[in-house]
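Labels below follow one simple rule: chain letters A, B, ... track the order of the sequence lines, proteins then strands, and each chain is numbered from 1.
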2 protein chains.
Amino acid sequence: MTLRDVAEEAGTSRSTASRALAGHGYVAGGIKTRVEEAAARLGYVPDVSARTLKGRSSGLVGLLVSDLRNQFYALLAAGVEQALADAGHQMVLVDDHGRDEQALAGARAFLAMRAAGVLLAPVGRSATGLLVEHGTPVVEVDRRSGVRGCDAVTIDSERGARDAVAHLLGLGHRRIAVVLDETMWDTGRDRLKGYRAAHREAGAPLPRKLVLDLGLRPGDPQADVASFLDANPDVTAVFAANNVVAEAVWQELQRRGSAVPADCSVVSFDDLTWMRIVEPGLTAVRQPVYEMGRRAAALLLERISGERTRAESLTLQPALQRRGSTAAPGVRA
Amino acid sequence: MTLRDVAEEAGTSRSTASRALAGHGYVAGGIKTRVEEAAARLGYVPDVSARTLKGRSSGLVGLLVSDLRNQFYALLAAGVEQALADAGHQMVLVDDHGRDEQALAGARAFLAMRAAGVLLAPVGRSATGLLVEHGTPVVEVDRRSGVRGCDAVTIDSERGARDAVAHLLGLGHRRIAVVLDETMWDTGRDRLKGYRAAHREAGAPLPRKLVLDLGLRPGDPQADVASFLDANPDVTAVFAANNVVAEAVWQELQRRGSAVPADCSVVSFDDLTWMRIVEPGLTAVRQPVYEMGRRAAALLLERISGERTRAESLTLQPALQRRGSTAAPGVRA
DNA sequence: CTGTTAGCGCTTTCAG
DNA sequence: CTGAAAGCGCTAACAG
């Protein structure tokens with residue numbers, strides 16, 4: 001079932017059929033409908049490979065994430081898909097499971113399929129580099145690798161963290177722990193910066209040794225949280241730097257029967273479904289994740305279409321969502 | 001950067017370079033390494049479109065889901081991606097947002113890119129039909145459209161529902177409501193069947209009018225649950241047929257201050273993260289969703305490779321996960 | 001306005 | 001074992 005068949009069915013040449021279906025170029029009205037009817041009758045579906053080979057874009061856009069099972073990335077992917085589909089593009093989704101080799105393999109696949117552009121949410125630096133080098137339009141999402149020439153959409157991590165910690169300080173907490181799982185990317189680093197900045201701005205002394213870094217592949221994060229809390233019984237509040245560590249913290253507090261917020265207040269960076277369902281609701285820094293996906297895709301589409309050539313960075317603002325998990329030290333919700 | 005450049009760099013012909021890189025066909029050892037080095041030096045990435053055009057498969061596999069923001073589908077997609085990536089395929093993910101037109105557009109896109117196969121999780125019947133008609137290998141996941149010739153992986157909905165409701169009946173409940181959002185697919189229908197079968201098997205009379213169908217695009221599901229509960233104050237337990245309605249039910253019980261399980265027991269079909277985090281844990285029918293994605297992809301790969309030509313159906317078994325939300329009527333956890 | 005021609009990058013006979 | 005040649009399906013000049 002090729003264009004040739006359609007042309008024969010309509011009694012015309014392949015080029016005319018091509019023009020009739022593509023819409024550009026001159027075609028007589030009568031012929032045009034005849035070709036369209038023939039195509040419909042035969043159930044003709046144009047071959048993207050042939051079109052791509054001829055120099056036009058594949059219409060495919062790659063999205064690389066580091067863990068699709070994490071609701072954060074799922075939402076991001078949903079936003080990206082939405083914006084791409086509206087523009088008639090397809091999304092090729094690759095999950096690197098946090099491994100740089102897989103990220104590279106994904107990037108190579110994107111190159112091989114001549115992807116119109118790529119969105120990168122994992123950012124091992126190597127994938128970004130490879131793609132940019134080959135001239136593929138790239139937008140980094142959530143994290144930045146520092147490679148020049150690519151667009152980026154991020155969320156103001158420092159600001160979100162500062163707001164969260166300032167909220168706790170405002171309630172009177174002075175022994176606030178921060179729990180994170182990486183400081184190698186700007187997300188983790190900036191959230192730590194925000195934690196410090198909030199203390200500075202409040203004129204509160206920066207507690208020593210209240211930073212717990214679980215690492216990206218923790219054996220048993222909840223156990224680590226447990227021993228940390230055992231070692232620091234004077235902690236009255238915890239700032240969890242993302243949804244994964246927030247879960248570990250929450251579960252551990254539950255396990256040991258700590259009353260939240262009476263014994264310990266909790267704030268999470270990243271606001272997922274369960275945080276508003278649990279009792280008392282978990283105070284969280286809401287990130288516009290779906291929106292971030294949409295905006296990133298939009299930025300990429302501008303690049304692809306050539307409307308814009310200069311790299312652009314967008315920073316979205318998070319918002320603190322106050323719920324029952326935060327109160328003054330010792331106070332019940 | 002084409003094969004021609006690599007061939008020139010290696011001082012050989014295109015055909016030889018092709019054979020050297022592809023691995024099949026006769027190539028002298030020395031030449032082979034020379035070509036490989038040249039390719040590496042130039043950063044050559046083969047063009048999938050050209051390869052596809054030449055008759056080989058695109059290596060792309062489509063996945064159509066109805067709502068990626070729903071964690072169920074995100075997990076499914078993650079499982080699919082994992083299995084596909086292991087086999088060297090890429091996943092093109094389309095979200096139809098429950099609209100049949102979008103599903104069709106997605107299916108057409110899959111055809112246009114000559115997808116090696118497609119996994120269908122939304123199953124408006126039309127997409128399945130179109131793909132099967134064109135000879136694309138199709139695996140239906142979670143729901144079946146009834147179209148012949150495609151493989152399927154589903155979860156035993158009736159059995160899961162029966163177990164859940166039998167559990168409630170065993171605890172002594174006799175006024176058990178079932179809340180669902182569709183009965184047009186086998187998922188909804190079978191869960192309703194299971195609800196009835198459990199009553200039958202327990203010799204319990206089937207309550208009249210305790211079936212609440214919220215519909216797929218409910219205005220305000222929680223409000224509907226509220227008026228239903230108002231109208232049926234004698235209900236002592238609720239069986240929620242999926243994670244979406246479970247959330248509405250849970251939130252409404254919380255809003256009205258009903259004690260779970262003392263005032264009302266709850267079971268959900270589909271076990272998400274939040275259900276084990278809330279207090280008391282939500283008893284749920286655990287579906288192996290990620291596994292279902294992997295198995296479905298595996299089935300598809302068998303079809304694609306031609307190892308198997310007969311359609312095959314797989315049914316996975318769910319398992320009831322008992323938590324605090326279910327107890328005998330009137331009993332506190 | 002329409003048809004002929006060439007060629008995108010690759011693979012694959014088929015001679016050499 | 002290697003190279004020349006043809007062609008996958010489509011589009012874009014360029015003649016007619």
Side-chain angles (χ1 to χ4, degrees), chain A residues 1-36 38-39 42-60 88 108-116 134-136, chain B residues 1-36 38-39 42-60 88 108-116 134-136:
Chain A
M1 179 67 326
T2 74
L3 191 55
R4 167 181 229 121
D5 303 310
V6 177
E8 274 174 15
E9 174 83 7
T12 176
S13 74
R14 283 177 287 163
S15 6
T16 305
S18 171
R19 279 186 298 248
L21 295 175
H24 28 252
Y26 304 105
V27 189
I31 302 241
K32 177 160 182 175
T33 49
R34 232 166 59 208
V35 172
E36 282 166 348
L42 270 52
Y44 168 72
V45 182
D47 186 319
V48 186
S49 311
R51 203 176 273 176
T52 306
L53 190 54
K54 190 56 193 167
R56 302 174 58 69
S57 155
S58 68
L60 297 174
R108 246 188 296 270
F110 293 150
L111 288 173
M113 68 183 69
R114 304 300 188 252
H134 278 258
T136 307
Chain B
M1 180 66 326
T2 76
L3 190 55
R4 167 183 229 119
D5 303 311
V6 176
E8 275 174 14
E9 175 83 7
T12 176
S13 73
R14 281 175 287 163
S15 1
T16 305
S18 173
R19 278 186 298 250
L21 295 175
H24 27 253
Y26 303 106
V27 189
I31 301 239
K32 177 159 182 175
T33 49
R34 230 166 60 208
V35 172
E36 281 166 349
L42 270 51
Y44 168 71
V45 182
D47 186 319
V48 185
S49 312
R51 202 176 275 175
T52 306
L53 190 55
K54 192 58 194 166
R56 301 174 59 69
S57 153
S58 68
L60 297 175
R108 247 188 295 269
F110 294 148
L111 288 173
M113 67 183 70
R114 302 301 186 254
H134 279 259
T136 306

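Of all heavy-atom pairs spanning A:Leu3 and A:Tyr44, the tightest one is N-CE1, 3.5 Å. Considering every non-hydrogen atom in both B:Val27 and B:Ala20, the closest pair reads CG2-N, 3.7 Å.
Within the 4.0 Å cut-off from OP1 or OP2 of C:dC8, not a single side-chain nitrogen or oxygen of B:Arg4 is found. Between B:Arg51 and C:dT11, a side-chain N or O to OP1/OP2 separation shorter than 4.0 Å is present. Proximity of A:Ser13 to the phosphate of C:dG3: a side-chain N or O atom is located under 4.0 Å from OP1 or OP2. At least one side-chain nitrogen or oxygen of A:Thr16 sits closer than 4.0 Å to the OP1 or OP2 atom of C:dG3. The side chain of A:Ser18 places an N or O atom within less than 4.0 Å of a non-bridging phosphate oxygen (OP1 or OP2) of D:dT11.
When rounded to the nearest whole Å, the span between NZ of A:Lys54 and C1' of C:dG7 equals 5 Å. Computed from coordinates, the B:Arg19 CZ to C:dC14 P distance equals 14 Å when rounded to whole Å. Atom CG of B:Leu53 is separated from atom P of C:dG7 by 17 Å (rounded to the nearest Å). One can place CZ of A:Arg56 at 11 Å from P of D:dA13, the figure rounded to the nearest angstrom. Straight-line distance from the CE atom of B:Met1 to the P atom of C:dC10: 9 Å, rounded to whole Å. With rounding to whole Å, A:Leu3 atom CG is found 14 Å from C:dT2 atom C1'. The CG atom of A:Asp47 sits 16 Å away from the P atom of C:dG9 (whole-angstrom rounding). Rounded to whole Å, atom C1' of D:dT11 lies 11 Å from atom OH of A:Tyr44.
Note that CZ of B:Arg14 and CG of B:Asp5 are 10.5 Å apart. Values are rounded to the nearest 0.5 Å. Considering CZ of A:Arg114 and OG of A:Ser58, their distance stands at 9.5 Å, rounded to 0.5 Å.
If A:Thr2 and B:Ile31 are placed on DNA chain D by their nearest nucleotide, the residue sitting closer to the 5' end is B:Ile31. Residues A:Ser49 and B:Gly11 each lie close to DNA chain D; by heavy-atom proximity, the contact nearer the 5' end of the strand is made by B:Gly11. For the pair A:Arg14 and A:Ala28, nearest-nucleotide mapping onto DNA chain C gives the more 5' position to A:Ala28.
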Sequence neighbours excluded and cut-off under 3.5 Å, please list the side-chain donor-acceptor pairs for residues 48-55 of chain A, or say none.
{"unit_1": "A:Ser49", "atom_1": "OG", "unit_2": "A:Asp47", "atom_2": "OD1", "d": "3.2"}
{"unit_1": "A:Thr52", "atom_1": "OG1", "unit_2": "A:Val48", "atom_2": "O", "d": "2.7"}

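Among the atoms of the strands shown, only primed sugar atoms or phosphate atoms (P, OP1, OP2) are found under 4.0 Å from some heavy atom of A:Thr12.
Judged by distance alone with a 3.5 Å cut-off, no donor-acceptor contact links the side chain of A:Arg114 to the base of C:dG9.
In this structure, the nucleotide among C:dT12, D:dC10, C:dT2 sitting nearest to the side chain of B:Ser15 is C:dT12.
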